[in-house]
Amino acid sequence: MKRLTLLTAILLLVTANIFAQSTSKTIIIKENDDSNEKITIVERIFSSKLHQTLPDWYYGALNMNCSTFGPEAQIPLRSSSFEWGTYNQKTIFCTADNHFGMSWGLGISNSYNFFAHDMVLREDNDGKACFQTLNAYSSEHGNGLVTNYAHRSFLRYWSLRLPVQLHFQCSVNNTPVALAAGIEAEWRFGVRSFARYGGSKHTITKSLDYSPVGFNAVFSASGGNFDIFMRFGLTDFLMVRDMTGDMTDLYQMMIGFGFNFD
């Protein structure tokens with residue numbers, strides 16, 4: 001399954017680049033004036049490009065769901081969990097009336113999932129991700145009780161992102177307004193679980209059984225240079241064993257704002 005999703009992501013990138021090389025057509029008309037001087041007139045049929053809806057920089061709040069658009073999973077995340085990132089957007093095509101089109105982009109992001117209360121994400125004896133109380137983990141490693149749990153344990157990772165979106169855009173009082181929706185391929189790396197105890201930060205595990213390749217639904221709205229950006233996971237992030245021993249699929253969700261300099 002992982003090989004299939006990785007191959008699909010590569011095909012999306014290749015296809016997007018092929019279309020990106022054909023964003024415009026030209027007609028060359030050669031005429032001679034009275035002085036027999038050759039004049040070349042170039043008309044760009046698809047000269048317009050889409051207004052940027054993928055932000056040059058964004059910041060958003062993170063959560064984990066047990067299904068896409070579903071209820072919050074049994075993962076005690078703090079409301080301060082966040083993600084920041086950047087995108088570079090390219091127009092694939094734009095209609096002659098400049099209202100509809102398609103784009104692709106390339107982005108990178110850094111995500112921080114802070115766990116609430118006294119929970120630590122670690123691996124069990126079978127190599128599966130599971131939760132343990134911070135005090136139990138600290139005591140297991142020869143340290144005392146932890147009294148302040150705020151931002152004491154968290155999951156951090158990086159992602160390379162490849163979104164492909166359909167666009168509608170118009171102008172309102174000479175301000176460009178655009179809506180876009182599409183699918184995004186994601187490659188995750190640098191996934192680490194950390195905890196702070198005993199006066200320092202410790203790496204709990206860097207070999208979680210996460211899915212390195214995932215797919216997301218992305219939605220964005222842009223007015224001028226300001227963007228509202230949303231992402232919903234369509235494939236699971238990792239398998240987590242909750243306190244009852246059941247396995248739960250996890251899907252990331254992010255809602256944030258950003259800026260573009262189109």
Side-chain angles (χ1 to χ4, degrees), residues 5-27 42-60 62 68-69 83-111 158-188 213-235 251-262:
T5 53
L6 180 59
L7 178 61
T8 303
I10 293 173
L11 290 176
L12 279 173
L13 176 60
V14 172
T15 302
N17 274 289
I18 291 174
F19 277 106
Q21 301 303 317
S22 306
T23 56
S24 65
K25 296 181 180 179
T26 60
I27 296 177
V42 178
E43 178 187 355
R44 299 184 68 84
I45 297 178
F46 297 111
S47 60
S48 300
K49 74 170 186 175
L50 295 171
H51 179 64
Q52 189 168 328
T53 57
L54 293 173
D56 288 314
W57 179 88
Y58 73 89
Y59 176 93
L62 281 178
T68 303
F69 308 109
E83 176 182 292
W84 66 269
T86 180
Y87 282 97
N88 181 22
Q89 178 177 310
K90 299 295 182 182
T91 297
I92 295 178
F93 73 86
C94 186
T95 57
D97 61 8
N98 203 33
H99 288 320
F100 298 94
M102 189 174 184
S103 72
W104 73 281
L106 186 62
I108 187 169
S109 66
N110 192 205
S111 306
W158 291 85
S159 294
L160 288 177
R161 303 182 179 279
L162 177 65
V164 178
Q165 291 185 300
L166 293 174
H167 287 249
F168 168 76
Q169 63 183 22
C170 61
S171 178
V172 178
N173 295 327
N174 295 322
T175 299
V177 176
L179 300 174
I183 299 294
E184 176 184 75
E186 174 186 6
W187 178 53
R188 308 176 183 110
V213 177
F215 289 92
N216 309 303
V218 289
F219 305 90
S220 53
S222 177
N225 299 114
F226 182 79
D227 303 309
I228 296 175
F229 189 61
M230 294 178 286
R231 182 190 304 115
F232 300 92
L234 299 176
T235 55
Y251 300 81
Q252 282 278 29
M253 180 180 72
M254 191 280 298
I255 299 177
F257 65 92
F259 301 93
N260 67 72
F261 306 99
D262 194 4

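Just so you know, these numbers use all the heavy atoms, side chains as well, and skip hydrogens, waters and symmetry mates.
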Identify each donor-acceptor pair in which a side-chain atom of residues 221-228 lies under 3.5 Å from a protein atom, sequence neighbours left out, and give them as a table.
from   : atom 1 : to     : atom 2 : distance (Å)
Ser222 : OG     : His51  : NE2    : 3.1
Ser222 : OG     : Gln52  : O      : 3.3
Ser222 : OG     : Gly224 : O      : 3.4
Ser222 : OG     : Asp227 : OD1    : 2.8
Ser222 : OG     : Asn260 : ND2    : 3.4
Asn225 : ND2    : Asn260 : O      : 3.0
Asn225 : ND2    : Asn260 : OD1    : 3.4
Asp227 : OD1    : Asn260 : ND2    : 2.9
Asp227 : OD2    : Asn260 : ND2    : 3.0

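- Aromatic ring orientation, Phe229 versus Tyr58: tilted (interplanar angle from 30° to 60°).
- The side-chain hydrogen bond (donor to acceptor under 3.5 Å, both in side chains) search around His167 returns Ser103, not counting sequence neighbours.
- Closest non-hydrogen pair, Tyr87 versus Leu54, comes out as CB-CB, 3.8 Å.
- By the 30° and 60° cut-offs, the orientation of the rings of Trp158 relative to Trp84 is perpendicular.
- Across every non-hydrogen atom of Tyr251 and Gly233, the tightest pair is CD2-O, 3.5 Å.
- Atom CG of Asn88 and atom CG of Leu106 lie 7.0 Å apart (nearest 0.5 Å).
- Cys94 and Leu50 get closest at one heavy-atom pair: SG-CD2, 3.9 Å.
- Listed by chain and number, the residues in a side-chain hydrogen bond (donor to acceptor under 3.5 Å, both in side chains) with Ser220 are Thr53, Gln165 (sequence neighbours excluded).
- Once rounded to the nearest 0.5 Å, the distance linking CH2 of Trp104 with CD1 of Ile92 reads 8.5 Å.
- Atom CG of Leu162 and atom CG of Asn216 lie 11.5 Å apart (nearest 0.5 Å).
- Residues satisfying the side-chain hydrogen bond (donor to acceptor under 3.5 Å, both in side chains) test with Thr86, not counting sequence neighbours, are none.
- Annotation: side chain to side chain contact (heavy atoms under 4.5 Å, CB included) contacts of Leu62 (sequence neighbours excluded): Ser81, Glu83, Ser111, Asn113, Gln252, Met254.
- In this structure, Phe259 and Phe257 have perpendicular ring planes: the angle between them is above 60°, well past the 30° mark.
- Across all non-hydrogen atoms, the minimal contact from Asn174 to Ser171 is CA-OG, 3.4 Å.
- With Ser109 as the partner, the side-chain hydrogen bond (donor to acceptor under 3.5 Å, both in side chains) test is satisfied by one option alone out of Arg161, Arg231, Glu186: Arg161.
- Residues Pro55 and Gly258 come closest through the heavy atom pair CB-CA, 4.0 Å.
- Every residue two or more places apart in sequence or in another chain that forms a side-chain hydrogen bond (donor to acceptor under 3.5 Å, both in side chains) with Asp97 is listed here: Thr95.
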